[in-house]
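Written below as structure tokens is the structure these notes are about.
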Protein chains: 2
Amino acid sequence: MLPQRRQRILAAIVEQYIETGEPVGSKALQNLPGLDVSSATIRNEMAELTAQGFITQPHTSAGRVPTQAGYRYYVDNLMQPAELGESDRRRIESGLDYRSGDPEQLLQTAGEALVDFTNFAAISTTPADEHAVIKNIEMVPVSPKMAMIVLLTSTGILKSKACRTDVPITVDLQDAFADIVRRNFFGIPLSDVNTVMIQTLVAGLGAKALSMSPLFVTIADLVEAASVSEINLSGQSNLLGYKEYNDNAGQLLDFLHREEPLGMLVSSGDSDTGIEIRIGSENRYKELENSSMIISKYKIGDNATGAIGIIGPTRMNYSKLVPSIKYLTDIISKFLSDVYEEESSSDEEES
Amino acid sequence: MLPQRRQRILAAIVEQYIETGEPVGSKALQNLPGLDVSSATIRNEMAELTAQGFITQPHTSAGRVPTQAGYRYYVDNLMQPAELGESDRRRIESGLDYRSGDPEQLLQTAGEALVDFTNFAAISTTPADEHAVIKNIEMVPVSPKMAMIVLLTSTGILKSKACRTDVPITVDLQDAFADIVRRNFFGIPLSDVNTVMIQTLVAGLGAKALSMSPLFVTIADLVEAASVSEINLSGQSNLLGYKEYNDNAGQLLDFLHREEPLGMLVSSGDSDTGIEIRIGSENRYKELENSSMIISKYKIGDNATGAIGIIGPTRMNYSKLVPSIKYLTDIISKFLSDVYEEESSSDEEES
DNA sequence: ATTAGCACTCGGAAGTGCAGAGTGCTAAAA
DNA sequence: TTTTAGCACTCTGCACTTCCGAGTGCTAAT
């Protein structure tokens, strides 16, 4: 634990650097409210902070800049989250599209709202709830030997895919399909659908197996697609503006375009302890060593299902962004819970 | 019409500049195959070309660089399209996802294939065929007072939206809905669905009007969404690498993020004369004055319905890109026509 | 423990000089 | 009349130096 005065100085350095982007020198801190010491004393403290690794100087004759450890100490011990003003709330909320009722749409627009609000890049994932169950499966004929299969889950995810059959689609076939689907798929968790399950099912069909198996394979594909949470990234071009990325912004953008690592990033949260802040190399990718992420998980009912957050330079206003993202997450959780929780307790009717 | 020799010199300048990105000087052209003149003569010709506005020099002691007019002349009169190699074709094709049968998916992946192939940004639009008709509309109950409405068109576009009703959804209601939909919507062109049509329909419903009108409003929304072609843009970050955008790449990316002008860009083609090349300020936006576009329209059957193309710096390899994009367009047209044309001649069966 | 004072260090801006590339022009050659 | 060789000229980009200001660490005094 650092001594009081040193803490205050560190906090001041971090906050001022966040605001101005310039290294901050000892003189600039002389008239900190409630800190009546000369610049020389401050210099001594700064030397200590430097020795302890919380701040550093870009070059001998420059002021100090927080190190990653400095940000971390600030975030853990010194920062006090800002109160969100009414106008901020409205700004965050205004971009959301919940009227469509589509969670994917909501998360997409939530990301964009964050982009507008923060001027950073935003990342969001659609719900991936292992407790989700199959709500409905429809077959819609498109041409004699082709049909669209539509899958709907209890978390509101809707996926569809075209499927070619080997034989013409008759009304009989449709009825049979609807019957099998109703008996074998409705209400079961997505995780129960897998290759083995499909194979045993097809094997049990007897004569019809040949003509219908493509349909069930398509169902498996759809379940797969619905289980995997989609990742939305937006506002990447905002990052170009920040001088910390100056010349190698392209490298960062390229990294962000690859989907795989992104999935890791949002999913790797230890638990559902709410909001998570990762500074610089705490994100385990070299490309992010100059970036920070603030990630928050949203829930449907009591299950954490997805995440939303931002990516930007380590020099970001944590004390304001944390409550903002928390606020947004709360809205999302509430809305999704309202819409998709009620169903689990009441789905008896069927088409 | 320029004299033979001057044409050849202009073509050489354009091609060499495209390849190297460096201004090309008179000496570099001395040993052009079949052009046996000294650098001095070439200098004279270059002076002429400069006077006519086809080339320019960045500064006194630099070589020449094509102007916009120079590129235009080259593209119109001098360029001869490259033959596509087998490997090129495979590279283009390999990224396409036509197995899903979903045109939106196909166009999306086609854009990404172009991004990989060209290292530029790609733009593509989903089919928007004014002749498309409604193929199917399904209502899928989600909770007592909420249903998903799913719309499918003859061009394979699938749209869905959640809809809240004022009264609980009963089996009766579903049957009534299915009946009305079948009678009033199946097989009619998208353009026939509008506010007036919906209002008269609802008015004719009598007692049921109140409970069902939200459903039909949702249908109108879906039709609207299906009529409008979606624009996919990808590979923007590729553009960062080109030095012609050096410091103001952010400006271009911001421009590309706004959707409205993009729609203009792809739709504004004069006619369906196949491929269209727009160089620099021929795109009417100031942000694109250093960029070129190559846009090609694809067709379903005989109707031009959407476009796909690239955006990059004016210094792009037109002679190779034009046939590549043409090839890709042909694949798309062929596939979409195969899948979605046959239906128009054969949709009798229904669920 | 704090402060004033001072020498020291370093980055960035501005200025200087130089080599190289490419041009336009002129006068001779074809 | 067209082409060519030769040359003076212009301009960029790079390397090098100089200089100023900001900020530091250290020392000696309070």
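Throughout, a chain's letter reflects where its sequence line sits, starting with A, and its residues are numbered from 1. None of these values were measured; they are calculated from a predicted model.
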Pairs in or reaching into residues 22-43 of chain A: which pass salt bridge (charged side-chain N to carboxylate O under 4.0 Å, His left out), with residues at least two apart or in two chains?
none
Checking Tyr17(B) now: which residues fulfil ring pair (Phe, Tyr, Trp, His ring centres under 6.0 Å) with it, not counting sequence neighbours?
none
For the side chain of Arg64(B) and the base of dG24(C), is some donor closer than 3.5 Å to an acceptor across the two?
no
Expressed as a whole number of angstroms, how long is the span from Gln30(B):CD to dT23(C):C1'?
14 Å
Looking at Arg43(A), does any N or O in its side chain come under 4.0 Å of the phosphate oxygens OP1/OP2 on dG5(C)?
no
With sequence neighbours left out, the residues meeting salt bridge (charged side-chain N to carboxylate O under 4.0 Å, His left out) with Glu112(A) are none
Please report the distance, rounded to the nearest Å, between CG in Leu29(B) and P in dT4(D).
14 Å
For DNA chain D, the residues among residues 14-27 of chain A that have a non-hydrogen atom under 4.0 Å from it
Gly25(A), Ser26(A)
Write down the distance between CZ (Arg6(B)) and P (dT3(D)), rounded to a whole number of angstrom.
11 Å
Identify, with sequence neighbours excluded, every residue that meets ring pair (Phe, Tyr, Trp, His ring centres under 6.0 Å) alongside Phe117(B).
none
In terms of side-chain geometry, is the basic nitrogen of Arg258(B) or Glu287(B) positioned less than 4.0 Å from the acidic oxygen of its partner?
yes
Go through the structure and list residues passing ring pair (Phe, Tyr, Trp, His ring centres under 6.0 Å) with Tyr327(B), not counting sequence neighbours.
none
Over its full length, what angle do the end axes of the helix from dA1(C)-dT30(D) to dA30(C)-dT1(D) make, each axis taken from five pairs and the result rounded to 10 degrees?
20°
Identify, with sequence neighbours excluded, every residue that meets salt bridge (charged side-chain N to carboxylate O under 4.0 Å, His left out) alongside Arg89(A).
none
Sorted by number, the residues of residues 44-63 of chain B with heavy-atom contact under 4.0 Å to DNA chain C
Met46(B), Gln57(B), Thr60(B), Ser61(B), Ala62(B), Gly63(B)
Residue pairs meeting salt bridge (charged side-chain N to carboxylate O under 4.0 Å, His left out), one or both in residues 63-77 of chain B, sequence neighbours left out, come to Arg72(B)-Asp76(B), Arg72(B)-Glu282(B)
Write down the distance between CZ (Arg5(A)) and P (dT3(C)), rounded to a whole number of angstrom.
8 Å
Using 0.5 Å steps for rounding, measure from the CD atom of Gln236(B) to the CD1 atom of Ile311(B).
9.0 Å
Contacts of Tyr74(B) that satisfy ring pair (Phe, Tyr, Trp, His ring centres under 6.0 Å) - sequence neighbours left out
none
Those residues at least two apart in sequence (or on a different chain) that pass salt bridge (charged side-chain N to carboxylate O under 4.0 Å, His left out) with Glu244(B) are Arg315(B)
